[in-house]
2 protein chains.
Amino acid sequence: MSDLPIKPLRIDAAANYIDAIYRLTEGRDEAATTNALAEELGITSAGVSIMIKRLAAQGLVDLTPYEGVKLTAEGLRRALRIIRRHRILEIFLVNILGFGWHETHPRARALERVIDDAFEDRMDEILGHPTRCPHGNPIPTRDGQLLPLTDVALTSVEPGTSGTISRVTTDDADELKYLSSLGLALDLPVRLVEIAPFDGPVAADLNGRTVHLGPRLADSIRINVHENARGAARREAAG
Amino acid sequence: MSDLPIKPLRIDAAANYIDAIYRLTEGRDEAATTNALAEELGITSAGVSIMIKRLAAQGLVDLTPYEGVKLTAEGLRRALRIIRRHRILEIFLVNILGFGWHETHPRARALERVIDDAFEDRMDEILGHPTRCPHGNPIPTRDGQLLPLTDVALTSVEPGTSGTISRVTTDDADELKYLSSLGLALDLPVRLVEIAPFDGPVAADLNGRTVHLGPRLADSIRINVHENARGAARREAAG
DNA sequence: CCGCTGATTTAAGTCAACTTAAAATTTCCT
DNA sequence: AGGAAATTTTAAGTTGACTTAAATCAGCGG
Ligand SMILES: [Mn+2]
Ligand SMILES: [Mn+2]
Ligand SMILES: [Mn+2]
Ligand SMILES: [Mn+2]
């Protein structure tokens, strides 16, 4: 009497690993270690070790024992499909459903694994084909193209360098809530004032107001350096 | 580095059974049989038999061996929470995402088990607190209240009786698509013309046009009989 | 080069939710 | 009522994704 039964009650675990591996290795070219994955997924390293062997057998990751895993081309392709869904969902949760940017990540994680292509396409269209998530991360195209990131960590530039907030890399709800309570938002002008030594606080001029952040939290802030200010930033890259 | 890991990769199976039991027993007061559940869930009867015993142990169903199961008060409460989500999601898929009424059911089934209360509340608010799904089924309130149904099967009234389409009980995408291709939609005026004998076709006047439906499909159409038409039909029958 | 430490892998076992095959029970038909 | 057919339950086994405990390996400090 009903149509296709919704059979798979257990969700594709491989996708979960692929997704986690992507997040852990995004940007840098390293392999994801067993321990890091275990931490990220909330399971034991032993479990991860077993599972990544299966992923390797399926051709989704390259596994170097005692080293870690990297996504294969196919693994990356799948990861980017999930990442796209995740980021579109986050925008959807904010723009359409009215959630705050600190309320999107776990919800998008839960939804990203059950929606289909049509759902993704509808959201994309309704949202006007967004190019980044509420936290500034770029959204891959449907065929897996991804704009290269041009931003740098706020904590990596010379004091005095100014730019605009491009991205926030934390997913933690409390941290995000705190940041927005400070008035921080994407695309705001920002200038690094100083970084106190010995893991000290980071002072930044945010849209005219000075804020002081713990070094770990400040690390999660990415900025696009202003053209005219770039000279100051370049010294960092060289040094 | 991330917040709470999305641990439960396996979805609450009990909820799936509860939901199926509710759908199978909605309206009528019978118990859901093992076989019917197996069919609905797409698993073997043996599997269902084992599982409903666990549900009974959890106090979610009353099980009479070789008879079937009924939801307990607690089971019903949980079912209504899921049904509410399902129906709100269906409306959301139609009104916000632009899907057709034949494209909602499996998607809503997939989503209903991963969204949380806040998500449900946002949808409800955005949709203006809808009271029925795209197929006419009433949406329970958050505390489990459900308006009693007052409609009857199109095939159960006397020829000549008129009313308005209140509900369509099939979930099948092709059937739904076919019905809307005939111009059928909720709240349209309809009048039963005749039911041919020997499981023959059902003729109905739909908003001025006469349509002919197979008996099974016609059975899935529910109508609210017009007040004035009710007397007329009855007089006709009496006279 | 040795041995310690922490990271990783293997081994063995658990668990929920299934499966198939066989046994039990109810229903239906003559 | 009596026996076949259908339905339901039990028994036993499978699967994926874990777990804990034990074994193995890599990097380093001396
Ligand atoms: Mn996210
Ligand atoms: Mn994001
Ligand atoms: Mn439905
Ligand atoms: Mn519906």
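Just so it is clear, the values below take in all heavy atoms, side chains as well, and ignore hydrogens, waters and symmetry mates. Just so we're clear, the structure is a prediction, and the values are computed from it rather than from any experiment.
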Can you see whether [X] engages [Y] through a side-chain donor-acceptor pair at a distance of less than 3.5 angstrom?
X	Y	value
B/Asp172	B/Thr170	no
B/Asn35	B/Thr33	no
A/Thr72	A/Asp62	no
A/His105	A/His135	no

Whole-Å distance between [N] [atom2] and [X] [atom1]?
X	N	atom1	atom2	result
A/Leu37	D/dA17	CG	P	15 Å
A/Ile52	C/dA7	CD1	P	15 Å
B/Tyr66	D/dT8	OH	P	10 Å
A/Glu67	D/dG27	CD	P	7 Å
B/Met51	C/dT19	CE	C1'	15 Å
B/Glu39	D/dT8	CD	P	12 Å
A/Ile11	D/dA17	CD1	P	12 Å
B/Asn35	C/dT26	CG	C1'	13 Å

(message) Nearest heavy atom decides the nucleotide; on that basis, is B/Ala36 or A/Tyr17 closer to the 5' end of DNA chain D?
(response)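 It is B/Ala36 whose nearest nucleotide is closer to the 5' end.
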(request) Check every strand shown and say whether A/Ser45 touches a base, only sugar-phosphate, or nothing at a heavy-atom separation below 4.0 Å. (result) base
(request) Determine the contact category for B/Thr44: base if any of its heavy atoms lies under 4.0 Å from a base atom, sugar-phosphate if only primed atoms, P, OP1 or OP2 are that close, otherwise nothing. (result) base
From [options], pick the nucleotide closest to the side chain of [X]?
X	options	result
A/Ile50	D/dT20, D/dT8, D/dC18	D/dC18
A/Ala46	D/dC18, C/dA11, D/dT9	C/dA11
A/Ile43	C/dT10, D/dT19, C/dT19	D/dT19

(message) Does a side-chain N or O of B/Thr34 approach OP1 or OP2 of D/dT9 to a distance below 4.0 Å, or not?
(response) yes
(request) Considering just the side-chain nitrogens and oxygens of B/Arg10, establish if one lies under 4.0 Å of OP1 or OP2 belonging to C/dC15. (result)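 Checking C/dC15 against B/Arg10, no side-chain N or O comes under 4.0 Å of OP1 or OP2.
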(message) Test salt bridge (charged side-chain N to carboxylate O under 4.0 Å, His left out) on B/Arg107 and A/Asp116; report intermediate values, then the result.
(response) CA-CA 8 Å; B/Arg107 286 190 179 87; A/Asp116 62 358; 2.7 Å; yes
